[in-house]
Amino acid sequence: MASEGRAETLALREQFDTEEQQKDASTLGMWIFLITEIMFFGGLFLVYIVYRSANAGVFAVASSSLKVYVGAANTVVLLCSSLTMVLAVRGAQLGERKTIVLFLILTLILGGVFLGVKAYEWNEKFQEHHVPGAAFHFEGLPPELQGRAQLFFSLYFAMTGLHAMHMVIGVGILSVLIWQARKGTYSAAYMTPVDVSGLYWHFVDIIWIFLFPLLYLIDRHLGK
Amino acid sequence: MITAALQEREHYLNASYGIKSWLLTKDHKRIGLLYLATITLFFFLGGAFATLIRIELLTPQGDLVSSETYNKLFTMHGVAMVFFFLIPAIPATLGNFFLPLMIGARDLAFPRINLLSWYLLVIGGLLSLYAMLAGGVDTGWTFYTPYSTSYSNTWVIATALGIFVAGFSSILTGLNFIVTVHRMRAPGMTWFRLPLFVWSTYATSVIQVLGTPVLAVTIILLFCERVFHLGIFDPTRGGDPVLFQHLFWFYSHPAVYIMVLPAMGVISELVSVYSRKPVFGYHFVAFASVAIAVLGFLVWGHHLFVSTQSLYAGLVFSFLSYFVAIPSAIKVFNWTATLYKGSISYDTPMLYAFGFIGLFTIGGLTGLFVAALGFDVHVTDTYFVVAHFHYIMVGGTIMAYLGGLHYWWPKMTGRMYPEGWAKLSALVIFLGFNLTFFPQFVLGYLGMPRRYHVYPPEFQVLHVLSTAGASVLAVGYVIPMIYFIWSLRYGKVAGANPWGATGLEWKTASPPPAHNFDETPIVTHEAYDYRAVMGEVEVG
Ligand code: HEM
Ligand SMILES: [Cu+2]
């Protein structure tokens, strides 16, 4: 099946005794990295929860200005991208080069769509003066509550911004994978990079699954 | 003759030559040495700031530097020492070098990531150094908001980004160590045969991996607030500066264990070797490391006793802080019990180990003092706290670091250090240290606040004592620096196992070959089984 690629691609690094050990190490490494990511976003979620509970009313009003359908559309896009990523990994397990490349490209496109939608959404915020800073203004709130509305948008930008940054990194990783997959680097016997990149991609996806309800959905009806 | 043999045999130092062979090396041993050089620079940089601080404090008036400059001095001292010296100190140098050797591996699991970690530390260090040269920072190493976000006109961002980047160095080192311990142990090296240094480094790595990302996100929020005018900690927009303190200390309390746990690991090795007995209660000492790592995450609020944290939170954090003392005390008692009826030799590393045990005990006990809510309100933000953490970080960690460096020096370089000079400098350091920091307990108790450069004249005597001690201490640190370098050329050639120690690192040549072992060792004994090495000890 993938036997020609084997000799040069299977490069067992010198610190390992067996391929299995090498693969185990990489996978464990990625899982630990994802734990660090959980702590990273965890800090952010904590800040959000603390402020949300302290300013429930203003946050509900401020969050109701976000467009649910935009967030929902992006959620669908990301879920689909996770599916295509899984199919790419599956392709790698079967050693089918074309399948890997196809699904990686699809994943890349979906990631790009997500970032495009995000850019569109941020751009709107600029036009609505919902970006924290001197020009900030949120219609319908008295002056003494403007600061707290800014707090919401500060968190909105920090959280979606850091998530988007992870997406950009993911897109970069996908590009490298596609390039290598086209060269035939991956086969059923050697696919660890595809596998662990998949873990990363799903993780970034899951973060969004939490961000979407936290930012767009909670207490929406109260804000209207 | 021996020298000739040493030069001929191939080892990691002569396996390749040239600056590129170092800057692109993937050998954990060389990377360990790169770290050693880097953190030594930062240690002396931090030391230079400390020298200026101590000279300023010789007199009650602010005569050497202005108060603005003084603020910058103590900030840069703290930043250099904490983030660029103490946190990488033992794990990234001794850990990097010896963790793979001790478990019988050829290298860490991810050698390229290991090299990347070093570059990240260097880049972070350069960023912070740039900030220091361009004008400095004056927020204190704690970067409390809103001063750091809205008021300070100094180089907060460059410094904070430097720490951010160095943080990733720390995370990646931790990740690498964890995977290595899980996946790279030699045949027969079960978890409970691991040397205790490995256990404590492992526990440290867990803290690095879990804690540092929280610091990273906190720095990002600080950065966004200063640069993009987000309002996350800004009280005028409903943000809460105390939340910053919570996030900061959620990392920085565990970080004090990043600094001291590896030191404890070194002490376990030293105490065992130089009393020629297995560490008393191996399992307890091993699990104590893990317990400290876990409990360390539950006590950060003891840094917020006088913030607006609620009294109930204060009570709980105070209570939980006492729990950390239990595993710490287990270690101290077990080291002491190890000494009992041991055949103790007083080589330099052992002197450092004794120094550590005594000073860490004082530091830890005063930790209990300040963890007591009522007492802390009296001494918080005074020199009492300064003395407390210097007993732990300098009296504890640096003592252990130096002890470890002396102990493993023959393995790292193939040369012995000069024992006489080494004993002398260990003594000088011990005396200088106590003279520097003991008066600070008294000063703090009497009410001398930290971070001020003018003070009432009645405190002068104690301050002069402290500065005198610091001068002695400085001499004590320079001497090893000189003789270590001297020994590279003139030191007595060391055999594979000059101390008669049991660890796998002593089973290979000194210095070790590039791939550590000529053949993968197979482990058949518990750690510290001295009967197993009886015949091997080379006298000389
Ligand atoms: C074992 C290693 C330890 C290290 C490296 C360490 C280090 C430090 C540092 C750096 C500070 C000052 C932070 C600042 O405000 O800039 C500090 C303060 C403090 N430490 Fe420790 N510490 C250690 C152990 C302990 C223990 C075992 C306890 C209690 C059981 C403890 C309790 C405290 C408390 C309560 C404070 C805050 C005092 C105040 O600000 O009023 N520490 N420690
Ligand atoms: Cu603490």
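Sequence lines set the chain letters: A, B, ... in the order given, protein chains first and strands last, and positions in each chain run from 1. As a basis for the values below, the full set of heavy atoms in this structure was taken, side chains included, without hydrogen atoms, waters or symmetry mates.
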Counting only heavy atoms closer than 4.5 Å, note whether B/Ala216 contacts chain A via side chain, backbone, both or neither.
both
Which heavy-atom pair separates B/Leu221 from A/Ala158 by the least distance, and what is that distance?
CD2-CB, 4.0 Å
Hey, could you give me the CG/CZ distance between A/Leu151 and B/Phe233, rounded to the nearest 0.5 Å?
10.0 Å
Heavy-atom distance under 4.5 Å to chain A: side chain of B/Leu243, backbone, both or neither?
side chain
In B/Val217, B/Thr218, B/Ile171, the residue satisfying side-chain contact (heavy atoms from CB on, under 4.5 Å) with A/Phe40 is B/Val217
Is there side-chain contact between A/Leu162 and B/Ile220, with heavy atoms separated by less than 4.5 Å?
yes
Whether over 12 other heavy atoms sit under 6.0 Å from A/Trp31 CH2:
no
Picking from B/Pro111, B/Pro213, B/Gly238, B/Gly174, which has the most non-hydrogen pairs under 4.5 angstrom with chain A?
B/Pro213
I'd like to know whether B/His246 forms a side-chain contact (heavy atoms from CB on, under 4.5 Å) with A/Val50, so could you lay out the CA-CA distance, the side-chain angles of the two residues, the decisive distance to 0.1 Å, and finally the verdict.
CA-CA 12 Å; B/His246 278 289; A/Val50 167; over 6 Å; no
Who wins among B/Lys26, B/His182, B/Glu225, B/Arg112 for the most heavy-atom pairs under 4.5 Å with chain A?
B/Arg112
Within the structure provided, determine whether A/Val47 and B/Leu247 are in side-chain contact (heavy-atom separation under 4.5 Å).
yes
Within-4.5 Å side-chain heavy-atom neighbours: B/Ile232 and A/Leu155:
yes
Which answer fits A/Phe33, side chain, backbone, both or neither, if we ask what part of it has an atom under 4.5 Å from a heavy atom of chain B?
both
Which of B/Ala105, B/Gly239, B/Pro100 touches chain A most, by non-hydrogen pairs under 4.5 Å:
B/Gly239
Could you tell me whether the side chain of A/Tyr51 and the main chain of B/Asp240 form a donor-acceptor pair under 3.5 Å?
yes
What option among A/Gly147, A/Ala149, A/Ser26 has the most heavy-atom pairs under 4.5 Å with chain B?
A/Gly147
Are A/Phe136 and B/His229 packed together at the side-chain level, in the sense that at least one heavy-atom pair is separated by less than 4.5 angstrom?
no
Looking at A/Glu14, A/Gln146, A/Glu144, which one has more heavy-atom pairs under 4.5 Å with chain B than the rest?
A/Glu14
Heavy-atom count around B/Tyr151 OH within 6.0 Å, excluding the residue itself: above 12?
no
Side chain to side chain, A/Gln15 and B/His515, heavy atoms closer than 4.5 Å:
no
Can you establish whether the number of heavy atoms outside A/Arg182 located under 6.0 Å from its atom CZ is more than 12?
no
Specify the closest pair of heavy atoms between B/Val214 and A/Met39, including all atoms of both residues, with the distance to one decimal.
CG2-O, 3.7 Å
What part of A/Leu28 is in contact with chain B, defined as an atom under 4.5 angstrom from a non-hydrogen atom: side chain, backbone, both or neither?
both
If you count heavy-atom pairs under 4.5 Å between each of A/Asp17, A/Leu145, A/Leu46 and chain B, which one has the most?
A/Asp17
Does the pair A/Arg13/B/Asp107 count as a salt bridge with the N-to-O cut at 4.0 Å?
no
Does any part of the side chain of B/Phe228, heavy atoms only, come nearer than 4.5 Å to the side chain of A/Val131, both counted from C-beta?
no
State whether the side chain of A/Ser154 and the backbone N or O of B/Leu230 hold a donor-acceptor pair below 3.5 Å, judged by distance alone.
no
Of B/Thr236, B/Leu172, B/Asn176, B/Leu175, the largest count of non-hydrogen pairs under 4.5 angstrom with chain A goes to B/Leu175
Taking C-beta and beyond as the side chain, do A/Phe16 and B/Arg106 meet within less than 4.5 Å on heavy atoms?
no
Using modelled atom types only, decide if a donor and an acceptor are shared between the side chain of B/Arg183 and the backbone of A/Gln22 within a distance under 3.5 Å.
no
Smallest heavy-atom separation, A/Pro132 atom then B/Arg237 atom, equals CB-NH1, 4.1 Å
Quick check on the interface: out of A/Ala25, A/Ala54, A/Gly43, who has the most heavy-atom pairs with chain B under 4.5 Å?
A/Ala25
